[in-house]
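A, B, ... follow the sequence lines: proteins, then strands. Residue 1 opens every chain. Everything numeric in this text was worked out from a predicted model, so none of it was measured.
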Protein chains: 2
Amino acid sequence: MSIKKASTIQDVANKAKVSIKTVSRVINNEPNVSLETVKKVETAIDLLDYQPNAFAQSLARSKPKIISLIYDTPSPNYISHIMEGVLAYCYKVDYEVIIHPLRFNEVGLMRSAEKFIKKSRLAGLIVTPPYSDNVEFIKLIESFDLPKVLISSGLNISEEDSIKTNDREVSMQMTDYLISNGHKRIAFIKGHPTHLCINDRFKGYQDAMNRAGIEIDNSIVENGLNSLSSGEQCAERLLSLKERPTAIFSSNDEMAAGVIKVAYRNGLNIPSDLSVVGFDDSPMTAMITPPLTTVKQPLDAIGEKSAEKLIDKLENKELVRESVINSNIIYRDSVKKIN
Amino acid sequence: MSIKKASTIQDVANKAKVSIKTVSRVINNEPNVSLETVKKVETAIDLLDYQPNAFAQSLARSKPKIISLIYDTPSPNYISHIMEGVLAYCYKVDYEVIIHPLRFNEVGLMRSAEKFIKKSRLAGLIVTPPYSDNVEFIKLIESFDLPKVLISSGLNISEEDSIKTNDREVSMQMTDYLISNGHKRIAFIKGHPTHLCINDRFKGYQDAMNRAGIEIDNSIVENGLNSLSSGEQCAERLLSLKERPTAIFSSNDEMAAGVIKVAYRNGLNIPSDLSVVGFDDSPMTAMITPPLTTVKQPLDAIGEKSAEKLIDKLENKELVRESVINSNIIYRDSVKKIN
DNA sequence: GACGATTCTGACAACGCTGTCTTTAGATAA
DNA sequence: TTATCTAAAGACAGCGTTGTCAGAATCGTC
């Protein structure tokens, strides 16, 4: 097979016998091109299978069509679904995406973030936790006057710049569900303190408990660190209490998995001896025994909405997009009714 | 805070009182610049915190410093670790990476792949399964004369263009391990037939069985489809056999998780009634009960090596890099000695 | 038929950089 | 001294596109 060479706007212009500017007009749906000319140009584009060079466009445009997704790397599952959604939307509207992992604990984090922003000439940024909780980072973005969308930020960010989930509300529902199954002594394992948004999950738990008139016993509220082993540690303490909880609500699945491991180790059956619920619906939750009742965040949708919101802003569409995306409880087999 | 504006090569040139070309020379470590001038320019660069605009560079250069990572989206864990490695290496050597998911089952896959290649002006491609097994796709790449590195391709690709893992060998070791634990009736669950590389795992099983002089009973070799549910189905059949296997080797962890679920459902304990091993060391394997003995591929390293190999090729470094990366067995608690 | 208004089209600079070629200045040789 | 060479630096075009502005064609109006 002969070697293909991508054709340029000039090639198209030659073939259609118009100027390159006219081709540019057609590509970008600019007004004031006669129907006839549009046809000619489109035919030429088809014939040559022309694709505009994205980087030349970025260079020439005042606002390049390139955005970036910023993340740390805590959970592959989380970020890859968000990314999926972002890429899908951007692909549709013909934006390029640059994926940029940043090491949260790195020295000189801000420096390297700044370097990245400078060299890439971005139109805007989508920021995931934990960066969306990081005041310094957000200031950096603002100092470049870069449009942004922050995902699940625990900070007090204007609705225009953020996409949130209803963590608090759904945590409340989950707690209600536990209560409606007869549980009163419900332990809670909090998440990592730097993940602000995860705190909302605790608030939802408080809401439900308060509403149900059950006093929260702080001896069964644990401070977890999001990891499996941290879940195990919390569970060790919780399960060695003389007055054991009948249910444990963990702010994420990984810690819930730790709880389940410890429960088994202590000869406890789930759900008959202990009900456990998690949060996130990470892939393993369906695989462990018993399958875990948990909360599913529609991550793809979150990614997609974030991209949509950012790009709408970039193009000055004044649509006010919904900023809260609802999660759902996935009912599986880790909760049992007691009396 | 005032709004920052990224500085350009011109700004640096002005500040250092040299021409932009000289600045360019310094940035790219070109020869024939006096030490004194280099100093001046570097000072100016520091002062202005200058970062070359990556896209302008790409446009101007004959070989842009941009590569792409091509993948489908079967497993978030797999791809995000590979990506991690690729990004890390590229970051070091100052290459940009464009991430590009492609839908394997989409109509017009080749069309959209071709479009992507044309619009992005890439220097080279890193291709993961299943695309690295796809002849048509590889031909497409070759028709553009694009340098490439194929990860875990089951095709007969020159060593220069591929990074492989020792799946076959380590599968043999795993089977040996089972045999050395007294197992003779060892079932095998194959992976999805389009994933060529996964077939090597079966070959390794065959190798070990043959060498140990154990005849392979085809009634306990199942054709799986990589998914949890497919693992469950295979396990249903396997465990309902009158002469049950004492161990099951699944070509991936997800199917192994399915096996474990079915085993529990049938009142079988693992590992005392049945040993199970998997492949991939996906995150959940440590969380299920019992923790699964499996094979860990060093995915980050694979990504990194792929990027290194591709970029070495792009820069005509003639180093022959090792093309096989070794996986290791992770011994956990899902295997028990029998007699 | 002449006029301005409107629609369409094209020339050309600009985006920020690299590649090629030329110029300059200093060193070396005759 | 002058010619010759070489290292260092710069001028300028070009990468593939968009933005600005000016020009040409068409239209409606009086």
Side-chain angles (χ1 to χ4, degrees), chain A residues 5-41 44-45 48-66 94-96 117-123 314-315, chain B residues 5-41 44-45 48-66 94-96 117-123 314-315:
Chain A
K5 188 99 188 55
S7 36
T8 72
I9 201 172
Q10 190 57 259
D11 300 332
V12 177
N14 293 153
K15 172 142 290 187
K17 299 196 197 314
V18 296
S19 72
I20 57 171
K21 180 65 223 191
T22 300
V23 177
S24 170
R25 287 197 180 93
V26 173
I27 297 168
N28 297 292
N29 293 312
E30 285 173 34
N32 299 337
V33 188
S34 75
L35 212 70
E36 193 192 5
T37 313
V38 172
K39 285 255 167 63
K40 269 198 306 189
V41 172
I45 288 178
L48 295 169
D49 196 23
Y50 166 71
Q51 288 295 127
N53 177 318
F55 301 125
Q57 287 184 315
S58 304
L59 192 57
R61 264 196 260 259
S62 38
K63 279 238 190 296
K65 288 190 172 189
I66 302 184
D94 213 37
Y95 268 64
E96 291 297 315
I117 292 175
K118 285 190 175 173
K119 68 183 291 188
S120 311
R121 212 168 194 282
L122 305 165
L314 293 176
E315 314 208 322
Chain B
K5 188 96 187 54
S7 36
T8 73
I9 201 171
Q10 190 58 260
D11 301 332
V12 177
N14 293 152
K15 173 143 287 186
K17 297 197 199 312
V18 295
S19 72
I20 59 169
K21 179 66 224 192
T22 300
V23 177
S24 170
R25 287 197 180 91
V26 173
I27 296 168
N28 297 291
N29 292 311
E30 284 172 36
N32 301 335
V33 188
S34 75
L35 213 70
E36 193 192 4
T37 313
V38 172
K39 285 253 168 63
K40 269 197 308 189
V41 172
I45 288 178
L48 295 168
D49 196 23
Y50 167 70
Q51 288 296 126
N53 176 318
F55 301 125
Q57 287 183 316
S58 303
L59 194 57
R61 264 196 261 261
S62 37
K63 278 238 189 297
K65 288 189 172 192
I66 303 184
D94 214 37
Y95 268 65
E96 290 297 316
I117 292 175
K118 286 189 175 174
K119 69 185 288 189
S120 311
R121 214 169 192 280
L122 306 165
L314 293 176
E315 314 209 321

**Asked** So does B/Lys119 pair up with A/Asp94, basic N to acidic O under 4.0 Å?
**Response**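 A salt bridge links B/Lys119 with A/Asp94.
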**Any B/Thr22 side-chain nitrogen or oxygen under 4.0 Å from OP1 or OP2 of D/dG10** =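 For B/Thr22, the contact criterion (side-chain N or O under 4.0 Å from OP1 or OP2 of D/dG10) is met.
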**Prompt:** Which part of the nucleic acid, if any, lies within reach of B/Ser58 when heavy atoms closer than 4.0 Å are counted: base, sugar-phosphate only, or nothing?
**Reply:**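 No contact at all - B/Ser58 keeps every heavy atom at 4.0 Å or more from the nucleic acid.
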**Prompt:** Which is true for B/Pro31 with a 4.0 Å heavy-atom rule: it touches a base, it touches only sugar-phosphate, or it touches nothing?
**Reply:**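 Nothing: the residue B/Pro31, judged by heavy atoms under 4.0 Å, touches no strand.
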Under 4.5 Å between any side-chain heavy atoms of [X] and [Y], yes or no?
| X | Y | result |
| --- | --- | --- |
| A/Ile9 | A/Ser24 | yes |
| A/Lys5 | A/Asp11 | no |
| B/Lys21 | B/Arg25 | yes |
| B/Asn53 | B/Thr8 | no |

**Request:** Check the distance between D/dC5's P and B/Asn32's CG and give it to me in whole angstrom.
**Result:**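 It is 18 Å, rounded to the nearest whole Å.
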**Request:** Nearest 0.5 Å please: distance from the CD atom of B/Glu96 over to the OG atom of B/Ser58.
**Result:**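 Separation between the atoms: 7.5 Å.
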Pairs under 3.5 angstrom, nitrogen or oxygen only, protein versus nucleotides 19-25 of chain D, please.
unit_1: D/dG19; atom_1: N7; unit_2: A/Lys21; atom_2: NZ; d: 2.7

**Prompt:** On DNA chain D, nearest-nucleotide positions of B/Ser34 versus A/Gln10: which is more 5'?
**Reply:**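 Comparing both residues, the 5'-ward one is B/Ser34.
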**Request:** Check whether any side-chain N or O of B/Arg121 sits under 3.5 Å from a backbone N or O of B/Pro64 as a donor-acceptor pair, and report yes or no.
**Result:**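 No.
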**Request:** Provide the start and end nucleotides, 5' to 3', of the part of DNA chain C that has atoms under 4.0 Å from heavy atoms of chain A.
**Result:**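 Listing 5' to 3', DNA chain C meets chain A from C/dC8 to C/dG16.
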**Message:** If you assign each of A/Thr37 and A/Ile20 to its closest nucleotide in DNA chain C, which residue comes earlier from the 5' end?
**Reply:**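 Per heavy-atom nearest nucleotide, the more 5' residue is A/Thr37.
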